[in-house]
Amino acid sequence: LSTCTRPLLSLHGLHLARSGRGEIDRRVGAVMLARGGAGEAGVPFFSIAGSDSSGGAGIQADIRTMERLGVTSAFALTSVTAQSPRGVDRIDSIDPASVRAQLSTALEDQGACAIKIGMAGSAESIRTIANVLPSADIFTVCDPVVSSSSGGRLIDAPGQDVLVRELFPHAHLVTPNLAEAEAILGQPVSTDEEMENAASSLLETGTRSVLIKGGHRDGPFAQDYWTDGSEAFWMTGHRVEGSGSRGTGCVLSTAIASFHALGLPLKDAMVLAKAYVSEGLGAAAGHGSGNRPVRTGEWLSLIHISEPTR
């Protein structure tokens, strides 16, 4: 894991949240150029997630995001779904022994600078993931996928219980949306106060920090709340109306972990990931009916040609 021991590059993320688009492009351009740009091998990243047959979310969205951000991707597949933007028709969990083999083989071969966990499969698969995760302190983001953006349930009650009790304590960051936080805690999560209280409650599960995503609230702004128990802040961005929304949670959590693997502190990684998703929402495209998938890559094409800050 020596490839992960690099100095952190601070972009002063909280200041960037108030900066203009051009300033963000210049600073991120400096980071990408310092890291060699997209496609550079040597920054291993590992995703644990399910497959989305429509390609809009799940492991497919994770891989697209990893490739655009320039980390080397490997993954373990936990489930195979038959779904479309209209809904989820079928879920088949991968055998836990196969999940274990995928995890062990990939991690032993190349290690990981960061791990992202999405749809974790059955209760037994989740327990397998918790047992196999390396004891080394590898940065881990857990996106607790409870249901799809189209409304289909993706985890049963026993699986959700194991997820919270056995997987959350391994995570440096968990990223539930409002519905997921409500399902996990069994209480309403909508207002600012409820989001802050929910984050505090989730910290009691053993995770290092919590990001409650408020994108499903009404209003002109999309606001997310982060805390680690000692510090806390809100991230606010203009809501992108009339856009696609499939895969936003997958892309956001993967982008946070990827930016961190590239050497950014967590706060900066979260701010840049939120900006990346916002750009992708504005460029959302797709075929068929229902929610369109968030688009990855267009903003990064601008970043890569930006001049580094001197």
Side-chain angles (χ1 to χ4, degrees), residues 11 13-21 23-25 28 56-57 61 65 69 85 116 118 141-151 173-184 188-199 202 209-227 231-259 266-286 290-300 302-303:
L11 299 184
L14 298 182
H15 171 69
L16 279 179
R18 301 188 296 271
S19 298
R21 163 71 178 275
E23 178 65 14
I24 293 176
D25 282 350
V28 179
T65 304
L69 290 172
K116 175 268 174 85
V141 176
C142 181
D143 182 22
V145 178
V146 172
S147 61
S148 70
S149 58
S150 58
L173 174 70
V174 295
T175 61
N177 60 29
L178 299 179
E180 289 161 348
E182 288 183 348
I184 291 167
V189 183
S190 179
T191 67
D192 288 359
E193 182 179 7
E194 289 170 346
M195 289 175 68
E196 292 175 354
N197 290 338
L202 287 170
S209 67
V210 178
L211 177 66
I212 304 280
K213 300 173 294 190
H216 291 98
R217 296 202 295 181
D218 294 329
F221 300 105
Q223 295 180 297
D224 310 319
Y225 176 74
W226 174 85
T227 183
E231 299 180 278
F233 68 89
W234 286 84
M235 293 193 295
T236 299
H238 288 284
R239 183 176 304 282
V240 181
E241 299 291 351
S243 64
S245 60
R246 295 196 67 229
T248 50
C250 303
V251 173
L252 179 72
S253 55
T254 302
I256 292 171
S258 295
F259 279 128
L266 176 56
K267 292 177 184 177
D268 294 334
M270 289 189 295
V271 170
L272 292 175
K274 183 175 176 66
Y276 180 56
V277 170
S278 294
E279 291 294 322
L281 284 169
N291 288 335
R292 294 172 296 168
V294 62
R295 190 164 183 175
T296 60
E298 293 214 348
W299 189 42
L300 267 294
L302 296 174
I303 291 174

> Hey, are the side chains of Thr175 and Cys142 touching, using non-hydrogen atoms and a 4.5 Å cut-off?
Replying inline: no

> What pair of heavy atoms forms the shortest contact from Lys267 to Trp226, and how long is it?
Replying inline: CE-CZ3, 4.1 Å

>> I'd like to check the salt bridge (Lys or Arg N to Asp or Glu O under 4.0 Å) partners of Glu193; sequence neighbours left out, ordered by chain and number.
In response: none

> Sequence neighbours excluded, which residues qualify as side-chain hydrogen bond (donor to acceptor under 3.5 Å, both in side chains) partners of Ser253?
Replying inline: Lys116

> If you take all heavy atoms of Ala183 and Val146, which pair is closest and at what distance?
Replying inline: CB-CG1, 4.3 Å

> Would you say Leu211 and Tyr225 make side-chain contact, with heavy atoms under 4.5 Å?
Replying inline: no

>> Show the nearest heavy-atom pair for residues Val189 and Glu182, with the distance to one decimal.
In response: N-OE2, 2.9 Å

> Is there a donor-acceptor pair closer than 3.5 Å between any side-chain N or O of Asp224 and the backbone N or O of Met235?
Replying inline: no

> Could you walk me through whether Glu196 and Thr227 pass the side chain to side chain contact (heavy atoms under 4.5 Å, CB included) check?
Replying inline: CA-CA 8 Å; Glu196 292 175 354; Thr227 183; over 6 Å; no

> What heavy-atom pair brings Val210 and Pro176 nearest, and what distance separates the two atoms?
Replying inline: CG1-CD, 4.4 Å

> What are the two closest heavy atoms between Leu69 and Ala255, and how far apart are they?
Replying inline: CD1-CA, 3.7 Å

> Who passes side-chain hydrogen bond (donor to acceptor under 3.5 Å, both in side chains) against Gln223, sequence neighbours left out?
Replying inline: Arg217, Thr236

> Can you find a heavy atom in the side chain of Ile256 that is under 4.5 Å from one in the side chain of Leu266?
Replying inline: yes

> Which one of Leu178, Val174, Asn177 satisfies the side-chain contact (heavy atoms from CB on, under 4.5 Å) criterion with Ile212?
Replying inline: Leu178

>> For Tyr276 and Leu252: C-alpha separation, side-chain torsions, deciding distance, then whether side chain to side chain contact (heavy atoms under 4.5 Å, CB included) applies.
In response: CA-CA 8 Å; Tyr276 180 56; Leu252 179 72; over 6 Å; no

